Amino acid sequence: MTVTTLVVPAGGLGTRFLPATKALPKEMVPVGDRPAIQWGLEEAVASGIHRAVVVTAPGKDLIRAHFASDPALEQILESRGSRELAERVRSIAGLCQLEFVEQLEPLGLGHAVLCARPLLEGEDAVAVLLPDDLFDGTPPLLAQLLEANARAGCTVLALRRYPRESISRYGVAEVAGDGPVFQVTDVVEKPSAEEAPSDLAIMGRYVLSREVLDRLDQVAPGAGGEIQLTDAIREVARAGRVLGVEFVGRLLDVGTLDSWLATNAAIVWRDPVLGPALRERIRELEAEP
Ligand code: UTP
């Protein structure tokens, strides 16, 4: 069973990053020289994914526009001698087979995946990547999960350790075994520090089996009418068919102003071209009165 299709939920409102995200989709904020969502799709392609279903929302047309081919722009760049830039622009549209579906109301992550489900018929399992978390490391995070899925053929979650005091912001896994590949025996959405079953938070990459996809429409809506993905995963985990991978590498968030600023600094700092240019510019600025 080879997983070749990815779901990219990008239908949220991005309220924690307002007012920047009033008209600009959160997934389109630039990190280094490209929008956040492009980093996510590149990670997926590097992990062997060939097709992606992007779940957008009304008013988020910029996402589709970014991945559309633009022969007129390419031609202008070529006529100006910017052949390399023209090639980079062209390669965005050729990244992988992309399909789009709209989530008409932001009813949660589980609901976003449910919106993509009609385009997932015939898939035994799919990958899911939240584009507001960038992965920096090797092998790609999605590849680390897909490797575990290829061995065990079941649902796989990405796990990261957090101090107890900050774990309440996340879904948390109850696990068995020594890791780095754990058996996930239960999942709890945003538990208090005292009730958290472990310090392993569930992060924005998943491989979901057909069993989880089929359970999504049985999930009862929770607070705000939201359908949580963790609710669809819970029974499958309790039945012993979910693994969790404590991954290698860093995951950088762009969902708030301060996290986006820090992620840009982290990515640009290590870039061989942008890094020295940024440091030079900062030195110049600091020398100014
Ligand atoms: P977040 O919860 O981080 O995004 O979801 P959000 O809801 O847009 O942000 P805030 O909390 O209002 O600031 C992670 C990913 O899931 C998508 C988001 O677009 C983001 O890429 N998502 C979230 C959906 O596709 N649909 C939803 O209903 C909620």
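We count ligands from 1, going down the list as the structure has it; atoms in each ligand are counted the same way. Just so we're clear, the structure is a prediction, and the values are computed from it rather than from any experiment. Reckoned from all heavy atoms, side chains included, excluding hydrogens, waters and symmetry mates.
- Of all atoms in ligand 1, listed by their number and element, those nearer than 4.0 Å to a heavy atom of Gly11 are 19 (O), 24 (C), 25 (O), 26 (N).
- Interatomic distance, CG of Asp136 versus CG of Leu251, reported as 9.5 Å (0.5 Å rounding).
- When each atom of ligand 1 is checked for a heavy atom of Ala112 under 4.0 Å away, the hits are 24 (C), 25 (O), 26 (N).
- Close approach of ligand 1 to Pro131 is summarised as follows: ligand atoms under 4.0 Å from at least one heavy atom of the residue are 21 (O).
- For atom 19 (O) of ligand 1, the nearest non-hydrogen atom of the protein is Glu27 OE2, 2.6 Å.
- Annotation: Leu130 places no N or O atom under 3.5 Å from an N or O atom of ligand 1; distance criterion only.
- Residues Val207 and Val126 have side chains not in contact (no heavy-atom distance under 4.5 Å, counting atoms from C-beta outward).
- Ranking protein heavy atoms by distance to atom 23 (C) of ligand 1, first place goes to Gly12 CA, 3.9 Å.
- Here is the list of ligand 1 atoms found below 4.0 Å of a heavy atom in Lys26: 1 (P), 3 (O), 4 (O), 6 (P), 8 (O), 9 (O).
- Residue Gln103 approaches ligand 1 through these ligand atoms, each under 4.0 Å from one of its heavy atoms: 24 (C), 25 (O), 26 (N), 27 (C), 28 (O).
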Show your reasoning for whether salt bridge (charged side-chain N to carboxylate O under 4.0 Å, His left out) applies to Asp231 and Arg215. CA-CA 9 Å; Asp231 286 343; Arg215 276 177 182 274; over 6 Å; no

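- The Pro106 neighbourhood of ligand 1 comprises atoms 28 (O), with distances under 4.0 Å to a heavy atom of that residue.
- More than 12 heavy atoms of other residues, nucleotides or ligands lie within 6.0 Å of CD in Glu280, so this atom counts as buried by the packing criterion.
- Taking the charged nitrogens against the carboxylate oxygens, Arg34 and Glu42 do have a contact shorter than 4.0 Å, which makes a salt bridge.
- Remark: Glu147 engages Arg151 in a salt bridge, criterion side-chain N to carboxylate O under 4.0 Å.
- Within ligand 1, counting atoms from 1 as listed, the ones closer than 4.0 Å to a heavy atom of Leu107 are 28 (O).
- Nearest protein neighbour of atom 12 (O) of ligand 1, counting heavy atoms only, is Thr15 OG1, 2.6 Å.
- Using a cut-off of 4.0 Å between Lys/Arg side-chain N and Asp/Glu carboxylate O, Asp70 and Arg90 are scored as not salt-bridged.
- By the side-chain hydrogen bond (donor to acceptor under 3.5 Å, both in side chains) test, Asp214 pairs with Arg210, sequence neighbours left out.
- For Phe100, there are no ring pair (Phe, Tyr, Trp, His ring centres under 6.0 Å) partners at least two apart in sequence or on another chain.
- Ring orientation note: the planes of Phe247 and Phe135 are nearly perpendicular, at an angle over 60° on the 30°/60° scale.
- Scanning all protein heavy atoms for the shortest distance to atom 28 (O) of ligand 1 gives Gly108 N, 2.7 Å.
- Here the protein heavy atom with the shortest distance to atom 14 (C) of ligand 1 is Asp132 OD2, 3.4 Å.
- Taking 4.0 Å as the cut-off, Val55 does not count as a neighbour of ligand 1 on heavy-atom distance.
- Contact atoms of ligand 1 toward Leu109: 16 (O) (distance under 4.0 Å to a heavy atom of the residue).
- Pro9 O, 3.5 Å is the protein heavy atom nearest to atom 17 (C) of ligand 1.
- Other residues, nucleotides and ligands contribute only 12 or fewer heavy atoms inside 6.0 Å of the CD atom of Glu84.
- Close N/O approach between Gly255 and ligand 1 is not found [any backbone or side-chain N/O within under 3.5 Å].
- At the top of the distance list for atom 2 (O) of ligand 1, counting protein heavy atoms only, stands Arg16 NH2, 4.1 Å.
- Enclosure of atom CZ in Arg238 by more than 12 non-hydrogen atoms of other residues, nucleotides or ligands within 6.0 angstrom is indicated.
- In this structure, atom 8 (O) of ligand 1 lies nearest to the protein heavy atom Gly14 N, 2.8 Å.
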